[in-house]
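Right, one structure below, let's go through it.
Sequence positions, counted from 1, serve as the residue numbers for this chain. The figures that follow rest on heavy atoms only: side chains count, while hydrogens, waters and symmetry mates do not.
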Amino acid sequence: TLVGALREYHLGPRAVIVQLCLALTGLALQLPAWKNPVQDMVDSFGRNPAMVPALLQFLTILPDEMNANTKIPITVCAVLTVAVRLTDIA
(Lines give C-alpha, C1' and ligand atoms only; values in the text may rest on other atoms or scores of the structure.)
Protein backbone atom coordinates (compact mmCIF):
# COMPACT_ATOMS: atom_id res chain seq x y z
CA THR A 1 0.00 0.00 0.00
CA LEU A 2 1.03 3.64 -0.27
CA VAL A 3 1.08 4.00 3.51
CA GLY A 4 3.27 0.89 3.76
CA ALA A 5 5.63 2.27 1.12
CA LEU A 6 5.89 5.58 3.00
CA ARG A 7 6.59 3.64 6.19
CA GLU A 8 9.35 1.72 4.39
CA TYR A 9 10.93 4.82 2.81
CA HIS A 10 10.38 7.24 5.71
CA LEU A 11 14.13 7.95 5.82
CA GLY A 12 14.30 8.89 2.16
CA PRO A 13 15.30 9.69 -0.39
CA ARG A 14 13.29 12.88 -0.06
CA ALA A 15 12.00 12.73 -3.63
CA VAL A 16 10.42 9.33 -2.89
CA ILE A 17 8.79 10.69 0.28
CA VAL A 18 7.37 13.66 -1.64
CA GLN A 19 5.99 11.46 -4.43
CA LEU A 20 4.41 9.05 -1.96
CA CYS A 21 2.85 11.94 -0.05
CA LEU A 22 1.51 13.39 -3.31
CA ALA A 23 -0.05 10.03 -4.12
CA LEU A 24 -1.53 9.76 -0.62
CA THR A 25 -3.02 13.24 -0.77
CA GLY A 26 -4.55 12.46 -4.16
CA LEU A 27 -6.05 9.32 -2.66
CA ALA A 28 -7.33 11.23 0.36
CA LEU A 29 -9.02 13.76 -1.91
CA GLN A 30 -10.63 11.21 -4.21
CA LEU A 31 -11.53 8.34 -1.87
CA PRO A 32 -14.60 9.15 0.23
CA ALA A 33 -14.29 5.80 1.99
CA TRP A 34 -11.12 7.07 3.69
CA LYS A 35 -13.05 8.94 6.35
CA ASN A 36 -10.24 10.57 8.31
CA PRO A 37 -6.91 10.45 6.48
CA VAL A 38 -5.27 13.12 8.63
CA GLN A 39 -5.99 11.29 11.88
CA ASP A 40 -5.06 7.95 10.32
CA MET A 41 -1.69 9.33 9.21
CA VAL A 42 -1.07 10.90 12.62
CA ASP A 43 -1.90 7.58 14.26
CA SER A 44 0.38 5.68 11.87
CA PHE A 45 3.37 8.02 11.82
CA GLY A 46 3.10 10.34 14.81
CA ARG A 47 4.06 7.83 17.48
CA ASN A 48 7.51 7.08 16.09
CA PRO A 49 9.83 10.11 16.15
CA ALA A 50 11.78 8.73 13.18
CA MET A 51 8.62 8.84 11.04
CA VAL A 52 7.49 12.33 12.01
CA PRO A 53 9.29 13.99 9.06
CA ALA A 54 7.29 11.85 6.63
CA LEU A 55 4.09 12.79 8.48
CA LEU A 56 4.99 16.47 8.33
CA GLN A 57 5.64 16.15 4.60
CA PHE A 58 2.15 14.67 4.13
CA LEU A 59 0.58 17.39 6.27
CA THR A 60 2.44 20.07 4.30
CA ILE A 61 1.46 18.71 0.90
CA LEU A 62 -2.20 18.02 1.70
CA PRO A 63 -3.48 21.63 1.86
CA ASP A 64 -1.40 22.63 -1.16
CA GLU A 65 -2.85 19.82 -3.24
CA MET A 66 -6.35 20.52 -2.01
CA ASN A 67 -6.15 24.19 -2.95
CA ALA A 68 -3.94 24.24 -6.01
CA ASN A 69 -3.95 20.92 -7.86
CA THR A 70 -6.30 21.28 -10.79
CA LYS A 71 -5.31 17.92 -12.28
CA ILE A 72 -7.29 15.90 -9.73
CA PRO A 73 -10.70 15.23 -11.31
CA ILE A 74 -12.91 16.53 -8.50
CA THR A 75 -15.68 19.13 -8.52
CA VAL A 76 -15.69 22.28 -6.40
CA CYS A 77 -18.56 20.86 -4.36
CA ALA A 78 -16.58 17.67 -3.77
CA VAL A 79 -13.53 19.71 -2.74
CA LEU A 80 -15.61 21.50 -0.13
CA THR A 81 -17.00 18.20 1.13
CA VAL A 82 -13.49 16.76 1.34
CA ALA A 83 -12.26 19.89 3.13
CA VAL A 84 -14.89 19.43 5.81
CA ARG A 85 -14.03 15.74 6.11
CA LEU A 86 -10.30 16.40 6.35
CA THR A 87 -10.60 19.12 8.94
CA ASP A 88 -13.04 17.22 11.16
CA ILE A 89 -10.75 15.85 13.86
CA ALA A 90 -13.52 14.65 16.19
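In this structure, CG on D64 lies 12.0 Å from SG on C21, to the nearest 0.5 angstrom. With rounding to the nearest 0.5 Å, the separation of CD in Q57 from CE in M41 is 10.5 Å. The distance from the CG atom of L2 to the CD atom of Q19 is 11.5 Å, given to the nearest 0.5 Å. We find the CG-CH2 distance between L24 and W34 to be 5.0 Å, quoted to the nearest 0.5 Å.
Closest of all the heavy-atom pairs between I61 and L22 is CG2-CD2, 3.6 Å. Here the shortest heavy-atom pairing between I17 and A54 reads CG2-CA, 4.3 Å. In terms of heavy atoms, P32 sits closest to K35 at O-NZ, 3.6 Å.
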Distance-only criterion, 3.5 Å: show the donor-acceptor pairs between side-chain atoms of residues 5-14 and protein atoms not counting sequence neighbours.
| unit_1 | atom_1 | unit_2 | atom_2 | d |
| --- | --- | --- | --- | --- |
| H10 | ND1 | R7 | O | 2.7 |

Task: F45 vs V3, side chain to side chain contact (heavy atoms under 4.5 Å, CB included): CA-CA, chis, key distance, verdict - done: CA-CA 10 Å; F45 291 89; V3 173; 3.8 Å; yes
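Residue V52 belongs to a hydrophobic cluster whose other members are L56, with links defined by side-chain heavy atoms closer than 4.5 Å.
Residue L27 forms a side chain to side chain contact (heavy atoms under 4.5 Å, CB included) with just one option from T25, L29, L31, and that option is L31.
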